[in-house]
Amino acid sequence: MGKPILGMGCGKDMSSSLPVQEEGGQTVTAMLRAASWTFRGLHCTSVPFSGRINSKRADRSCPLAEKVAVITGSTKGIGFAITQRLAQDGAHVVVSSRKQQNVDRAVAALQGEGLSVTGTVCHVGKAEDRERLVATALENYGGIDFLVCVAGVNPLVGSTLGASEQVWDKILNVNVKAPALLLSQLLPYMEKSGGSSVVLVSSMVAYVPVPKLGVYNTSKTALLGLCKSLAVELASKGIRVNCLVPGIIKTDFIQVEKTLPYLLPDLNEIYGLQWFGEPEECVGIVSFLCSSDASYITRENIVVAGYSPKL
Ligand code: NAP
């Protein structure tokens, strides 16, 4: 995978986009970052230090500067949009999904925008892929601050009780177990970071089950529980865990025009806002949840659906 280009999303100077040299198997970005671990935040923009102290506005425009995010299922749809936003907000981002060509395409597109991203193949259900994802982040950027678990699958439209054991295993493995297992692999590094944040991606079906998606509905409800449990377990380590709960978002996953009329007739009569969401409408909240503005927010499920099923 191509070398990372330091981010230009927050108005960094061009010198930071020079090609990165290899030295002893580690990129210069990773070495610089590791060396400055204890002084993180002091060198996070190209603006001189004294200038940064005086300019709160500059920091606000780049809230995730020099942070490192690992994002699963991020080569298209909601995950790609989140990657783009976190990188625009200053983070170095590791893009991942199952297919190499999707990773290559996403990384090329984002690097073409001058954003600091690298990528690797990671099927979240495979332990060796998760290990490679962790290694990619460490080799390229020297640490990990944020994990955003977007990857999710639904291979079945049909009866819950008619679902095979293989279908149950696949959906629960990818949607529920994988985020927990990946986080356990990242934990030693996120603990060191200070101010780490995890964002899980559930779905509105967790609150409003959709007919014929029973196994998927169940997995997304389980994610709300996983968020609560992990938030409690990791609070003492200073790691916050929250959950994005999207409604219907126009991506290949949902195929709005083809699928929805069969699953949810009269949908627009149910929803408060009379449109289906775009992936970009999910990203601001994820950036916020990663940022220090959300430093006192954990164990929260946040619905982005045009309406809310909560009290
Ligand atoms: P999408 O456009 O189909 O994108 C899915 C992404 O995940 C792709 O990058 C895909 O790339 C990757 N992926 C799929 N299986 C994977 C696996 N096992 N391991 C790693 N990566 C995998 O889907 P989306 O609509 O953005 O959905 C993303 C998440 O949002 C899912 O968890 C979904 O449940 C949730 N969600 C979506 C909606 C919606 O209306 N779209 C609503 C609520 C919740 P590869 O093919 O290369 O792996």
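Note that ligands are numbered from 1 as they come in the structure, with each ligand's atoms numbered from 1 the same way.
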Working note: V148 + V286, criterion side-chain contact (heavy atoms from CB on, under 4.5 Å); need CA distance, chi angles, decisive distance, verdict. CA-CA 8 Å; V148 186; V286 177; 4.1 Å; yes
Pair R85 + E113, salt bridge at N-O below 4.0 Å: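 No.
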Check: S196/D145 side-chain N/O donor and acceptor closer than 3.5 Å: no
Can you tell me which residues line ligand 1 if we count any heavy atom under 4.0 angstrom from one of its atoms, in chain and number order? G73, S74, T75, K76, G77, I78, S97, R98, K99, N102, C122, H123, V124, V150, A151, G152, V153, V174, V201, S202, S203, Y216, K220, P246, G247, I248, I249, T251, D252, F253, I254
Minimum heavy-atom separation for N175 to V153, with atom names? OD1-N, 2.8 Å
Just grab all the ring pair (Phe, Tyr, Trp, His ring centres under 6.0 Å) pairs involving residues 99-130, residues at least two apart or on different chains.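 Ring pair (Phe, Tyr, Trp, His ring centres under 6.0 Å) check on residues 99-130 returns no pairs.
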Verify same cluster id: V201, L86 (apolar side-chain graph, 4.5 Å): yes
